[in-house]
Amino acid sequence: MEKYLAPSILSADFMHLGESIKAVESGGADIIHCDIMDGHFVPNLTFGPMVVKAAKKISNLPLDVHLMIKNPDALIPAFAKAGASYLTVHAEEVVHLHRTLQSIRQLGVKSGVALNPATPLCLVEGVLEETDLVLIMSVNPGFGGQKFISSTLKKVEKLVELRAKNNLSYVIEIDGGINDETIESAMNAGVDMFVMGSAIFDTENVKKTTENFKRILKSK
Ligand code: DX5
Ligand code: ZN
């Protein structure tokens, strides 16, 4: 399967968000990762559908919207309308996961489910058919620039196995602590989509850094 680079704008320069998005786009990014935080599900606050809509307007890339919020069902229609291509909810938060994932697909958006580092994979095994993307958190959600938790790759390996065994086609995404030291282990485990925040945006030349990571992903 092709490997996709998903820069997370959480670490971008928010006074120049448009330029930041254009820089990763011209560097070859495949999709823009938008981290939505509500100060309750995670101890940080970011932005909502208005910023997603603005990003959609200035970029040709699809938007990968990661909902780290309480009661995501209430906001799914708004994020779909804002232009999300993927909408990912956390399995720890959603009670009727099967229904929620179906409701995302019914809006014409790809459905995603995310798991925190402490959450076992068995929580989502019953909904893999309803899922277009499984996001494995490799840090505890809330902040950029944290250290990669390598034990989370066991879940990636298991997801690769389950996908083949059940003839499914979900994308496996990793999020948190991916940089030039950790990307290779994630590639070896079978990750398809790589979220990268600080390793891309906290560099001098964002376009060049994006090109370099894209090259690494193409090398295997
Ligand atoms: C963390 C977010 C991540 C974050 C990753 O809660 O979900 O998407 O932007 O940042 P880095 O790549 O710096 O770990
Ligand atoms: Zn994220």
Side-chain angles (χ1 to χ4, degrees), residues 3-14 17 20-21 23-24 27 29-49 51-52 55 61-70 72 75 79 84-94 104 110-119 132-153 155-156 171-187 191-204 206 209-210 212-214 216-217:
K3 302 207 184 310
Y4 305 102
L5 184 57
S8 161
I9 56 172
L10 181 65
S11 295
D13 176 355
F14 270 72
L17 189 55
S20 298
I21 292 175
V24 292
D30 298 289
I31 187 163
I32 301 293
H33 187 81
C34 304
D35 285 306
I36 314 300
M37 304 185 187
D38 66 350
H40 294 277
F41 181 72
V42 286
N44 198 4
L45 268 175
T46 57
F47 53 87
V51 172
V52 172
L61 293 179
L63 302 177
D64 172 31
V65 177
H66 177 192
L67 298 176
M68 288 163 276
I69 59 176
K70 290 255 170 210
L75 282 168
F79 282 105
S85 288
Y86 284 92
L87 267 174
T88 297
V89 297
H90 266 264
E92 301 84 2
E93 172 62 20
V94 176
I104 294 172
K110 290 186 177 129
S111 63
V113 63
L115 293 173
N116 285 334
T119 308
D132 297 305
L133 175 143
V134 184
L135 187 165
I136 299 298
M137 286 303 306
S138 40
V139 298
N140 288 296
F143 304 94
Q146 301 181 81
K147 194 176 174 295
F148 184 67
I149 302 169
S150 58
S151 57
T152 57
L153 291 178
K155 285 186 263 188
V156 171
V171 168
I172 303 170
E173 182 174 45
I174 195 101
D175 186 1
I178 297 292
N179 54 38
D180 46 12
E181 282 166 21
T182 55
I183 196 166
E184 189 139 342
S185 60
M187 285 169 77
V191 170
D192 309 301
M193 199 183 282
F194 299 74
V195 177
M196 297 185 78
S198 51
I200 287 185
F201 287 106
D202 290 357
T203 60
E204 292 260 304
V206 168
T209 308
T210 308
N212 286 341
F213 281 117
K214 197 57 201 170
I216 292 174
L217 292 183

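Numbering of ligands and ligand atoms starts at 1, following listing order. Values below: every heavy atom of this structure, side chains too, minus hydrogens, waters and symmetry copies.
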Protein heavy atom at shortest distance from [atom]:
{"atom": "atom 12 (O) of ligand 1", "answer": "Gly197 N, 2.8 Å"}
{"atom": "atom 9 (O) of ligand 1", "answer": "Ser8 OG, 2.8 Å"}
{"atom": "atom 11 (P) of ligand 1", "answer": "Gly145 N, 3.6 Å"}
{"atom": "atom 5 (C) of ligand 1", "answer": "Asp175 OD1, 3.6 Å"}
{"atom": "atom 14 (O) of ligand 1", "answer": "Gly177 N, 2.8 Å"}
{"atom": "atom 6 (O) of ligand 1", "answer": "Gly142 N, 2.7 Å"}

Could you list which atoms of ligand 1 come closer than 4.0 Å to a heavy atom of [X]?
{"X": "His33", "value": "8 (O)"}
{"X": "Gly176", "value": "14 (O)"}
{"X": "His66", "value": "7 (O)"}
{"X": "Met196", "value": "12 (O)"}
{"X": "Phe143", "value": "1 (C), 6 (O)"}
{"X": "Met68", "value": "6 (O), 7 (O)"}
{"X": "Met37", "value": "6 (O)"}
{"X": "Ser198", "value": "11 (P), 12 (O), 13 (O)"}

Name of whichever N/O/S atom of [X] is nearest to the Zn ion (ligand 2):
{"X": "Asp175", "value": "OD2"}
{"X": "His66", "value": "ND1"}
{"X": "Asp35", "value": "OD1"}

For the [atom1] atom of [X] and the [atom2] atom of [Y], what is their distance to the nearest 0.5 Å?
{"X": "Ile174", "Y": "Thr152", "atom1": "CD1", "atom2": "OG1", "result": "4.5 Å"}
{"X": "Ile32", "Y": "Tyr86", "atom1": "CD1", "atom2": "OH", "result": "14.0 Å"}
{"X": "Thr210", "Y": "Asp30", "atom1": "OG1", "atom2": "CG", "result": "10.5 Å"}
{"X": "Phe201", "Y": "Ile9", "atom1": "CZ", "atom2": "CD1", "result": "7.5 Å"}

Between Glu93 and Leu67, is the side-chain contact (heavy atoms from CB on, under 4.5 Å) condition met? List the steps. CA-CA 10 Å; Glu93 172 62 20; Leu67 298 176; over 6 Å; no
Test side-chain contact (heavy atoms from CB on, under 4.5 Å) applied to Phe213 and Asp180, step by step: CA-CA 8 Å; Phe213 281 117; Asp180 46 12; 4.1 Å; yes
Part of Pro141 with heavy atoms under 4.0 Å of ligand 1, whether side chain, backbone, both or neither: both
Indicate the ring-plane relationship of His66 and His90, choosing parallel, tilted or perpendicular according to the 30° and 60° boundaries. parallel
Just so I know, are the side chains of Phe14 and Phe47 near enough to count as touching, which here means a heavy-atom distance under 4.5 Å? yes
Taking atom NZ of Lys110 as the centre, does the number of heavy atoms from other residues, nucleotides or ligands within less than 6.0 Å exceed 12? no
If you measure every N/O of [X] against every N/O of ligand 1, is any gap under 3.5 Å?
{"X": "Gln146", "result": "no"}
{"X": "Gly144", "result": "no"}
{"X": "Ile178", "result": "no"}
{"X": "Asp35", "result": "yes"}
{"X": "Val195", "result": "no"}

Any donor-acceptor pair under 3.5 Å linking the side-chain atoms of Asn212 with those of Thr209?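 There is no such pair between these side chains.
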Can a donor-acceptor pair be found between the side chains of His33 and Asp35 at a distance below 3.5 Å?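 Side-chain D/A pair, His33 to Asp35: present.
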What are the two closest heavy atoms between Glu173 and Ala6, and how far apart are they?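 It is OE2-CB, 4.3 Å.
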Would you find a donor on one side and an acceptor on the other, under 3.5 Å apart, between the side chain of Asp132 and the backbone of Ser111?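 Yes, because the side chain of Asp132 sits within donor-acceptor range (under 3.5 Å) of the backbone of Ser111.
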State whether the side chain of Lys155 and the backbone N or O of Thr119 hold a donor-acceptor pair below 3.5 Å, judged by distance alone.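 Answer holds: yes.
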